[in-house]
Amino acid sequence: MNQPQRLLQSYLMRHKWSYLLSLLSILCAQIVQVQYPNLLGRYTDLLQRHKVTALVTLHYSLWLLLVGLGYVILFGIGQFRNGQLGRRFEFEMRDALFKHWETLSTAYFRRRSIGDLLNHAMSDVQTVREIMSMGLNQMTTAVSLLGSALVMTLTTISVRLTLYAIIPLLLVPVIILVIGPRIRKASRKVQEGLSDMAELTEESLSAIRLIKATANENIEASRFQKRVDTILHRQVSMIRLFALFQAVFPFVESLAFCIVLLYGGYMAIHGNIQLGGFVAFTLYLGMLVQPLQQIGFVINNWQRASASMTRLSILMSEMPDIVDPELPLSIDKIQGDIRVDIPRYQYADGIVPVLEDVSFSIDKGHTLGIVGRTGSGKTTLVNLLPRIFDPPAGSVFIDGHDVRSLRLEVLRDGIAYVPQDGFLFSDTVRENIGFSVENATLEDIEQAAKDACVYDDVVDFTDGFETLIGERGVALSGGQKQRTSIARAFLKDAPILIMDDSLSAVDMNTEKRIIEHIRHVREGKTTLIIAHRLSAVRHADLIIVLDKGKIVEQGTHDELLKQGGIYADMFKLQQEGEGVVV
Amino acid sequence: MMADVSAPKSSDQLSVRSLVHLARFAVPFTWHFLGVVALVIVFNTTSVLQPYLVKLAIDNDIASKSFHGLEVIAVVYVSIVIIGALANYTQVVLLQYAGQSIIQRIRMALFRHIESQSMAFFDKNAIGRLVTNVSNDTETVSQFFTQFFLSVVRDGLSVVMVIFAMFRLNAGVAWQCMVIVPVIFIISFAFRKRLRVSYQTARTRLSSVVAFLAENLAGIRIIQIFHQERRQANAFLTLNDRHRQANVKSYMTSVMFNRSLDFLGNVSVAAIVYVGGLRVLHGAMEFGTLYAFISYIRQFFQPINALTQQWNNLQSSSVSADRIGRVLAVEPLVTDNKDLVNSLSDEEVRGAVEFQDVCFSYKPGEPVLTDISFRVRPGEFVGFVGPTGAGKSSIMALLTRFYDPVSGVILLDGEDIKSFLQTDLHRHIGIVQQEMFLFTGSVKDNIRLFRDDISDETVVESAKVVGAHEMIMRLPRGYETHLVGKGSNLSTGERQLLGFARIVALNPKVLILDEATANLDSQTESLVQKGLTAVAKNRTTLVIAHRLSTIRHADMIYVLSKGRIVERGNHEELVSAQGLYADLYQKSGIEFEMEQTAHP
Ligand SMILES: Nc1ncnc2c1ncn2[C@@H]1O[C@H](COP(=O)(O)OP(=O)(O)OP(=O)(O)O)[C@@H](O)[C@H]1O
Ligand SMILES: Nc1ncnc2c1ncn2[C@@H]1O[C@H](COP(=O)(O)OP(=O)(O)OP(=O)(O)O)[C@@H](O)[C@H]1O
Ligand SMILES: [Mg+2]
Ligand SMILES: [Mg+2]
């Protein structure tokens with residue numbers, strides 16, 4: 001059983017009384033409504049027999065008024081309740097989606113574009129909601145109207161006339177069966193086309209600086225045009241089916257009407273039915289066909305909704321792959337001893353191992369420096385600690401425990417991380433720094449900003465800490481962005497701090513000051529620093545040099561210099577251009 | 001000032017006007033729309049004939065007991081219906097085709113318009129919102145041209161036809177029926193404002209939901225690392241719930257509105273039975289006529305109801321049209337000056353760059369650059385250094401015309417850069433930034449940016465020049481490897497290398513490197529730099545770097561501080577000047593300890 005359908009079912013079950021109530025009131029509304037032709041037919045017969053007085057006329061009009069009022073109130077209540085329930089479903093579904101997404105790992109999000117995910121949460125959920133409220137409204141209305149109208153014609157007019165008249169109506173289910181699945185397919189195609197376009201738009205606008213700087217606007221526009229044209233073509237095929245659907249129903253109605261005209265007229269001429277009966281029947285016929293048409297539309301929409309439902313169910317059935325262990329260790333806080341012993345690590349979609357025979361250990365309170373060429377696996381290595389990607393079992397230990405045996409909450413609470421691309425939210429500076437700790441005080445935030453050397457920049461802004469930094473921090477300079485995300489990690493003050501190339505966008509002066517602060521505030525806590533500039537790792541208790549996924553050298557700065565290997569070469573290369581050793 | 005297009009306007013200003021404004025996209029489809037009108041008339045006529053045929057049947061054939069007459073009526077009826085069905089089919093296809101084509105055009109226009117904006121626009125407008133504009137709002141607007149238009153034509157026509165039929169039948173009774181019309185207006189008017197306000201609230205809250213989702217999905221890793229899932233989920237819950245409440249309220253209003261009109265319809269039927277019944281009683285009217293009037297009144301309310309249902313559509317499409325309109329109304333701050341076009345060919349450009357007294361600020365009152373003047377000769381290698389936030393990147397943003405300066409001029413080969421077409425300018429001046437953008441697609445397409453005029457050989461050649469070839473060949477499918485989700489299957493430095501390969505393939509005359517090598521190790525960096533100089537000997541290169549080794553050999557180094565150029569000269573001159581540069585230089589030693597200066 002797939003997820004959303006289960007969600008849908010459990011939702012319906014939980015709200016079954018509410019639904020019953022609204023369905024009942026719609027049903028009653030229809031029962032009341034079918035009294036219309038009945039009343040009018042009876043009145044006609046009285047008129048024909050010249051039994052009508054002014055009082056009788058008044059009597060009938062008042063009845064009609066009452067029926068009208070009853071119908072409007074009952075139907076209004078049912079319709080509103082259904083709509084309300086549909087909105088609640090939408091709300092719950094989106095909430096479930098968001099919570100679900102929060103449990104999925106980075107590996108999952110790498111494969112999906114945000115535009116596509118958004119399309120699921122917004123338009124697919126909406127389609128399902130529509131079928132739940134509007135579809136349900138129309139379906140109940142239609143079925144109850146159909147039922148009551150049939151009962152009325154069968155009991156009050158003529159069984160035979162009714163049976164003859166509904167013969168053409170039997171075509172309706174046939175049509176639905178033939179066209180329905182095709183509409184579903186066409187509609188899925190359209191949805192995919194839309195997702196595709198949204199994806200491209202998002203990507204292009206994110207890369208707008210690049211596009212402009214390379215005068216690539218036209219190329220981009222023509223890529224966009226291709227997507228838009230595809231949508232148009234797919235829409236047109238769907239429209240054809242739709243139009244067929246829509247044109248066929250009035251046609252069927254008319255066939256039925258012809259039968260009534262001929263056969264009913266025949267019966268009326270021969271006195272088998274009253275003229276009033278004939279009149280009422282022509283009115284009932286509308287009530288028979290209209291609901292059929294509506295049922296057709298609902299089924300049609302159902303096809304589209306089920307396409308959306310499938311998309312949602314695929315999404316919801318995605319299992320979080322990085323989860324709490326089944327039997328987590330009962331540890332509430334980690335200390336910061338790290339031991340790594342990775343024989344081999346390879347990405348799921350990679351063809352070569354990214355890490356091989358990587359083993360080292362650092363004690364609580366020490367600093368580890370990681371250097372190495374581009375693509376040597378530094379980021380990969382540190383990502384295994386907070387389980388952004390899962391390390392092989394028994395290869396990464398904190399305080400002697402395999403990270404995979406700790407509760408995720410405990411593990412991640414114990415690690416502060418400055419990612420290589422520090423993502424910022426389009427909020428204020430204060431909110432961004434305070435993100436890591438709920439209800440952080442302004443003093444704490446200011447202290448973190450001072451430690452990250454971004455305080456002076458921030459107070460220079462007109463709005464200070466309340467400055468809005470724009471989407472992903474566009475209104476900040478490169479170095480300000482980086483230091484804001486450093487401050488965010490500092491605020492967390494966790495036993496382990498990871499800084500992935502996080503000083504690359506600041507000047508030497510600032511780098512030195514930040515390193516100094518780190519040494520001060522991280523006293524007694526574990527720190528991992530990845531850097532290309534050796535000045536950032538020089539003071540580390542242990543430096544490891546990675547090359548093509550292997551540790552090729554390790555030791556302290558001085559030891560490594562003496563070894564005269566890769567590290568020493570790097571040193572020479574950088575030193576050549578930098579200041580003299582003081 | 002730049003308009004923030006996401007800010008909601010006061011509700012009354014927002015009007016159908018924006019829809020009318022978008023109507024220009026519908027103009028090419030005038031014939032389609034006229035065709036639709038004609039077909040609707042055909043279809044409507046066929047349906048209006050129905051009560052009339054029954055009336056004929058009742059008053060003539062059944063009364064006179066002529067079955068033959070019924071047959072004739074039936075045959076006429078069937079043929080009319082076939083015509084009606086055909087008309088209906090054609091009309092749906094025609095109209096929807098027009099509607100979809102209009103969306104297509106609006107989308108294209110919108111996309112191009114957004115592309116033509118300067119960076120100030122993107123500073124203010126969240127991408128998530130712009131995407132919604134392009135994908136959803138266009139869709140909603142098209143409902144105006146399809147459903148709403150159709151409803152106005154079809155239902156409006158029905159109303160007119162029904163009224164006409166009623167007057168033909170019995171003008172006296174028909175006049176009495178017309179009492180309904182003002183009542184309908186009064187009801188609609190009473191609901192108008194409430195409907196609009198509640199709809200707009202719902203729409204605004206929807207935007208917040210979308211924006212929140214878009215951003216949090218992008219930053220989900222940060223949420224997980226910092227373990228803030230619960231907090232963000234709660235924040236989402238609040239937004240989501242507010243959106244739900246607004247919708248329920250808006251729905252309530254529209255249900256009440258529609259049911260009120262429904263009730264009015266029922267009252268009218270009761271009234272016509274009373275009034276008409278009395279007339280029949282007094283012999284002033286035939287019974288068939290009363291029947292026809294009753295069905296007409298009901299037929300009258302069907303289109304009226306349909307029209308009022310469309311009211312919601314009108315609301316949503318005018319709100320969407322307004323959102324689109326506000327984007328389209330933003331004039332790009334940086335534009336091409338068509339009068340003085342300077343079209344130097346690629347060969348003619350020498351690559352001299354000059355800034356004359358340039359001042360700039362992102363926000364009024366917060367100057368970022370003050371009196372920046374410098375001159376770079378063709379083929380020179382120039383470095384820019386300075387503390388973070390000094391304004392280095394901003395200088396380059398001006399040179400590439402991402403923004404225009406507040407005052408002062410910037411010259412390329414002695415000509416104001418404003419006199420170049422932006423596309424030409426961007427062909428001459430290339431930039432590599434620290435932040436790398438990758439597209440979904442193959443490595444090859446990412447290097448040549450989907451251009452057809454860059455051959456596979458050039459792509460490979462460029463990759464080799466910057467030393468990216470080896471790394472690319474290590475990927476599962478080499479140059480055909482599909483890059484996913486903004487290139488996250490590459491390391492940051494590898495992504496940077498692709499950026500360099502890109503710029504080599506494009507080969508601009510002036511090259512800006514804005515901390516482009518910050519994520520590279522020193523060896524890779526020197527490889528890249530050698531490669532870059534090897535392919536273009538006479539290229540002018542402007543380099544921003546925090547690693548002084550990167551720019552040590554520059555012909556000229558400019559030192560920036562707080563938006564001003566405070567020092568200039570080559571490395572040796574600057575070091576001996578004992579200023580800010582010398583200080584930076586001194587502290588940049590790998591083994592330099594901060595304590596040594598911390599306590600002077
Ligand atoms: N789009 C923007 N909107 C508003 N302010 C901005 C914007 N971009 C930059 N700023 C501000 O302008 C100032 C200069 O920024 P700029 O990016 O030019 O600095 P930079 O010298 O390149 O610094 P870094 O070395 O950190 O990259 C900073 O204070 C920054 O906050
Ligand atoms: N998600 C992924 N799937 C497949 N391969 C990946 C993925 N992420 C990285 N790689 C590959 O793994 C290797 C190591 O990448 P990693 O990001 O760890 O390098 P790095 O040492 O951090 O480099 P840099 O200094 O450039 O940041 C690279 O060759 C990269 O192409
Ligand atoms: Mg990395
Ligand atoms: Mg910068």
Side-chain angles (χ1 to χ4, degrees), chain A residues 57 61 64-65 68 72 76 80 83-84 87 91 98 102 110 114 198 201-202 205 207 210 213 215-217 219 224 228 232 235 239 243 247 251 254 258 262 265 268-269 351 373-375 412 417 420 423 436 457 471 474 477 479 504 506-508 512 516 532 534-535 573-574 577-579 581, chain B residues 62 65 70 74 81 85 88-89 92-93 96 100 104 107 111 115 126-127 131 134-135 217 219 222 225-227 229 236 244 247 251 255 259 262-263 266 270 273-274 277 387-389 423 426 431 437 450 476 485 488 491-494 518 521-522 524 546 549 552 585-586 588-591 594:
Chain A
T57 307
S61 352
L64 284 172
L65 199 63
V72 163
F80 174 69
Q84 201 183 24
R87 286 293 176 182
F91 163 77
F98 186 72
E102 282 191 328
R110 281 196 320 108
I114 292 163
T201 315
E202 204 223 7
L205 297 187
L210 172 71
N216 225 26
E217 286 99 332
I219 306 278
F224 180 76
V228 175
L232 180 63
Q235 288 278 18
I239 288 159
F251 186 68
S254 319
C258 264
L262 287 176
I269 289 172
I351 48 170
R373 301 212 35 190
T374 280
R412 291 187 176 161
Y417 191 176
Q420 205 163 2
F423 180 93
S436 53
D457 293 67
E471 203 172 29
V474 281
S477 86
S504 61
V506 300
D507 57 278
M508 288 301 197
K512 290 266 154 67
E516 213 37 61
H532 288 301
L534 300 187
S535 50
L573 208 56
Q574 289 185 19
E578 313 285 0
V581 183
Chain B
I62 295 181
K65 302 205 184 291
L70 280 182
V81 158
N88 194 7
Y89 176 83
V92 173
V93 171
Q96 293 294 334
Q100 289 297 332
Q104 182 204 28
R107 280 189 176 139
F111 188 82
E115 263 192 333
I127 289 166
V131 173
V134 172
S135 54
L217 286 175
I222 298 294
I225 291 174
F226 287 103
H227 196 65
E229 287 96 338
F236 183 64
R244 183 186 67 81
N247 271 316
Y251 189 60
V255 165
R259 292 305 128 223
D262 229 14
F263 184 59
N266 291 336
V273 166
Y274 183 67
T388 101
T423 44
H426 289 143
I431 182 166
F437 300 104
F450 304 94
S488 55
S491 87
T492 315
E494 288 168 344
D521 58 288
S522 302
T524 313
H546 286 307
S549 55
R552 180 183 174 143
Y585 178 63
Q586 207 188 27
S588 71
I590 295 172
E591 309 205 326
M594 202 60 196

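Lettering follows sequence order; numbering is per chain, from 1.
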Between chain B and each of [options], count heavy-atom pairs under 4.5 Å; write down the option with the most.
options                      : answer
A/Gln420, A/Glu471, A/Glu102 : A/Glu102
A/Leu232, A/Val506, A/Ile219 : A/Val506
A/Leu64, A/Leu262, A/Val474  : A/Leu262

Counting heavy-atom pairs closer than 4.5 Å to chain A, which one of [options] comes out on top?
options                                : value
B/Ala126, B/Gly493, B/Ala518, B/Ala270 : B/Ala270
B/Thr492, B/Ile127, B/Val273           : B/Ile127
B/Val134, B/Ile431, B/Leu217, B/Val92  : B/Leu217
B/Gln96, B/Glu494, B/Arg244            : B/Arg244

For the residue pair [X] and [Y], what are the closest heavy atoms and their distance?
X        : Y        : answer
A/Gly83  : B/Tyr251 : CA-CE2, 3.4 Å
A/Arg373 : B/Thr524 : NH2-OG1, 3.2 Å
B/Ala74  : A/Cys258 : O-SG, 3.8 Å
A/Ala243 : B/Val93  : CB-CG2, 3.7 Å
A/Thr374 : B/Ser491 : CG2-OG, 3.9 Å
B/Arg107 : A/Phe224 : O-CE2, 3.6 Å

Starting at [atom1] of [X], measure out to [atom2] of [Y] and round the result to the nearest 0.5 Å.
X        : Y        : atom1 : atom2 : value
B/Ser135 : A/Glu202 : OG    : CD    : 10.5 Å
B/His227 : A/Arg412 : NE2   : CZ    : 8.5 Å
A/Asn216 : B/Phe450 : CG    : CZ    : 9.0 Å
B/Thr388 : A/Asp507 : OG1   : CG    : 6.0 Å
B/Ile222 : A/Tyr417 : CD1   : OH    : 9.0 Å
A/Gln84  : B/Asn247 : CD    : CG    : 11.5 Å

| Is there side-chain contact between B/Phe111 and A/Val228, with heavy atoms separated by less than 4.5 Å? |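 Contact flag for B/Phe111/A/Val228 side chains = no.
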
Heavy-atom contact with chain B under 4.5 Å, split by part of [X]:
X        : result
A/Ser61  : both
A/Glu217 : both
A/Gln235 : side chain

| query | Hey, is the main chain of A/His532 close enough, under 3.5 Å, to the side chain of B/Asp521 for a donor-acceptor pair? | reply |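 A pair under 3.5 Å: no.
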
